[in-house]
Student: 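Got a structure here, written out as structure tokens. Questions coming.
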Amino acid sequence: MSYRLFAHNLLEPDPNTVNRILDITRVGRPTRTLLSDYFLETANAFLLCTLLLKNIHRLRSKYESLKPKFQPETHNSLAFLDQFTELSRWFDPFISSGSRIQSTRTGCLNLLKRLESSRDKTRAKLKLVNGLTHSSGLLVLALTTTLIVTIASHAFALFIAGPTLLTGRFKPVGLRNKLTKTAARLDVAAKGTYILSRDLDTISRLVTRINDEVEHVRAMAEFWAGRGSGRVRGGEEVARELRRCEECFSEELDELEEHIYLCFMTINRARNLVAREIMHSNDPPDCAYAPKSK
């Protein structure tokens, strides 16, 4: 199974389900675009983590096959140096993934700004509607009372028709409910995006740390490989450095792998919360894991 198919099968909800949810739910075009972008960004991050996991497994397998050869009693210095040079090429996709992680995180941060901006504007509209609803109620009462007193002969008709005429074009209840649901949907998506950006930042730092270790040993191997008569000593130096870094390198790969699996869980949980909020906006979402909204 390819890792892209692996990611597609584990991602929750999957893209087809997301499209159905957005299609059957009454969501305004601007909000739909933002929510669609949210699901797209999180799917891209999920795929990125899947590819990183693939590279970790390949690296660990290759590294384990080479590890017995840099033990003092078994390794051949010249052969080992050539083998390590070959191994170092396996790190290239892993090293280049650093820029892709940063690009994905930048996309998440840009999306977060858009979600927060739209959410805050929606909340401001909701506040305005609530204020207008209160004010219009007082205005209707005052005007109705004035009309009753001024035109006594038509008091009853005006008392009945006045509020309807004055408020017939303003329906605050429906608008208030729509704005409340929209703000809630955007808020849950913003919180999920914030958590994802933090996870990607952690993964980026772990990848950078591993890359620094690899580049250090690779630079040493390239130095000794080009010294001709010094290649025997070079193989010994590289093997000694790898023995020194062995435990640390293994721990760093384990830590990165653990954070990637945590990121899988975080992405799926946040996506499910957003999907649930879209379908059932009247139910309060369980967002205890996320930071408080600004």
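Note that the coordinates shown come from a computational prediction; the quantities given were computed from them, not determined experimentally.
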Student: For residues Phe264 and Leu10, determine if any side-chain heavy atom of one lies less than 4.5 Å from a side-chain heavy atom of the other.
Tutor: no
Student: How far does OG1 of Thr266 sit from CZ of Arg198, to the nearest 0.5 angstrom?
Tutor: 11.5 Å
Student: Ser117 side chain to Lys113 main-chain N or O, any donor-acceptor pair under 3.5 Å?
Tutor: no
Student: Using the salt bridge (Lys or Arg N to Asp or Glu O under 4.0 Å) criterion, which residues pair with Glu258? Sequence neighbours excluded.
Tutor: none
Student: Side-chain donor-acceptor pairs under 3.5 Å in residues 17-25, sequence neighbours left out?
Tutor:
| residue | atom | partner | partner atom | Å |
| --- | --- | --- | --- | --- |
| Thr17 | OG1 | Asp14 | OD1 | 3.3 |
| Thr17 | OG1 | Asp14 | OD2 | 3.0 |
| Thr17 | OG1 | Arg20 | NH2 | 3.3 |
| Asn19 | ND2 | Pro15 | O | 3.4 |
| Asp23 | OD1 | Arg32 | NH1 | 3.3 |
| Asp23 | OD1 | Arg32 | NH2 | 2.9 |
| Thr25 | OG1 | Ile21 | O | 2.7 |

Student: Who pairs with Leu109 by side chain to side chain contact (heavy atoms under 4.5 Å, CB included), at least two apart in sequence or on another chain?
Tutor: Arg105, Ser197
Student: Suppose we screen for salt bridge (Lys or Arg N to Asp or Glu O under 4.0 Å). Which residues come up paired with Arg205, at least two apart in sequence or across chains?
Tutor: Asp201
Student: Kindly indicate whether the side chain of Arg119, heavy atoms from C-beta on, has any atom under 4.5 Å from the side chain of Arg123.
Tutor: yes
Student: How far apart are the C-alpha atoms of His259 and Leu206, what are their side-chain angles, what is the distance that settles it, and do they pass the side-chain contact (heavy atoms from CB on, under 4.5 Å) test?
Tutor: CA-CA 9 Å; His259 274 84; Leu206 291 173; 3.6 Å; yes
Student: Is Leu35 reachable from Met279 through a run of I, L, V, M, F, W or Y residues, each pair having side-chain heavy atoms under 4.5 Å apart?
Tutor: yes
Student: Minimum heavy-atom separation for Ser97 and Val207, please, with both atom names.
Tutor: OG-CG1, 4.2 Å
Student: Can you name the residues that form a salt bridge (Lys or Arg N to Asp or Glu O under 4.0 Å) with Asp199, not counting sequence neighbours?
Tutor: none
Student: Would you say Val188 and Ile278 make side-chain contact, with heavy atoms under 4.5 Å?
Tutor: no
Student: Only counting residues at least two apart or in another chain, list the ones meeting side-chain hydrogen bond (donor to acceptor under 3.5 Å, both in side chains) with Thr42.
Tutor: Arg271
Student: Which residues satisfy the side-chain hydrogen bond (donor to acceptor under 3.5 Å, both in side chains) test with Thr31, sequence neighbours excluded?
Tutor: none
Student: How far does OG of Ser204 sit from CG of Leu256, to the nearest 0.5 angstrom?
Tutor: 10.5 Å
Student: How close do Leu196 and Ala45 get, counting heavy atoms only, and between which atoms?
Tutor: CD2-CB, 3.9 Å
Student: Could you walk me through whether Leu273 and Lys191 satisfy the side-chain contact (heavy atoms from CB on, under 4.5 Å) test, starting with their C-alpha distance in whole Å, then the side-chain angles of each, then the deciding distance to 0.1 Å, before giving a yes or no?
Tutor: CA-CA 10 Å; Leu273 285 172; Lys191 289 174 178 177; over 6 Å; no
Student: Could you measure the distance from the CZ atom of Phe39 to the CG atom of Leu11? Nearest 0.5 Å is fine.
Tutor: 9.5 Å
Student: Return the set of residues passing side chain to side chain contact (heavy atoms under 4.5 Å, CB included) with Glu257 (not counting sequence neighbours), or none when no residue passes.
Tutor: Leu53, Ile56, His57, Arg60, Asp254, Tyr261
Student: Quick one: SG on Cys263 to CD1 on Ile203, what's the gap to the nearest 0.5 Å?
Tutor: 4.0 Å
Student: How long is the span from the CD atom in Glu116 to the CG atom in Leu34, to the nearest 0.5 Å?
Tutor: 12.0 Å
Student: Just to verify, what does Arg114 make a side-chain hydrogen bond (donor to acceptor under 3.5 Å, both in side chains) with, not counting sequence neighbours?
Tutor: Asp37
Student: Output the distance between atom CD (Glu41) and atom CG (Asn110), rounded to the nearest 0.5 Å.
Tutor: 8.5 Å
Student: Any side-chain heavy atom of Arg185 within less than 4.5 Å of one from Val27?
Tutor: yes
Student: Indicate the atoms forming the closest heavy-atom contact of Ala190 with Leu112, along with that distance.
Tutor: O-CD1, 3.2 Å
Student: Apply side-chain contact (heavy atoms from CB on, under 4.5 Å) to the pair Arg176 and Leu179, showing each step before the final yes or no.
Tutor: CA-CA 5 Å; Arg176 183 168 57 238; Leu179 291 174; 5.9 Å; no
Student: Sequence neighbours excluded, which residues qualify as side chain to side chain contact (heavy atoms under 4.5 Å, CB included) partners of Ser103?
Tutor: none
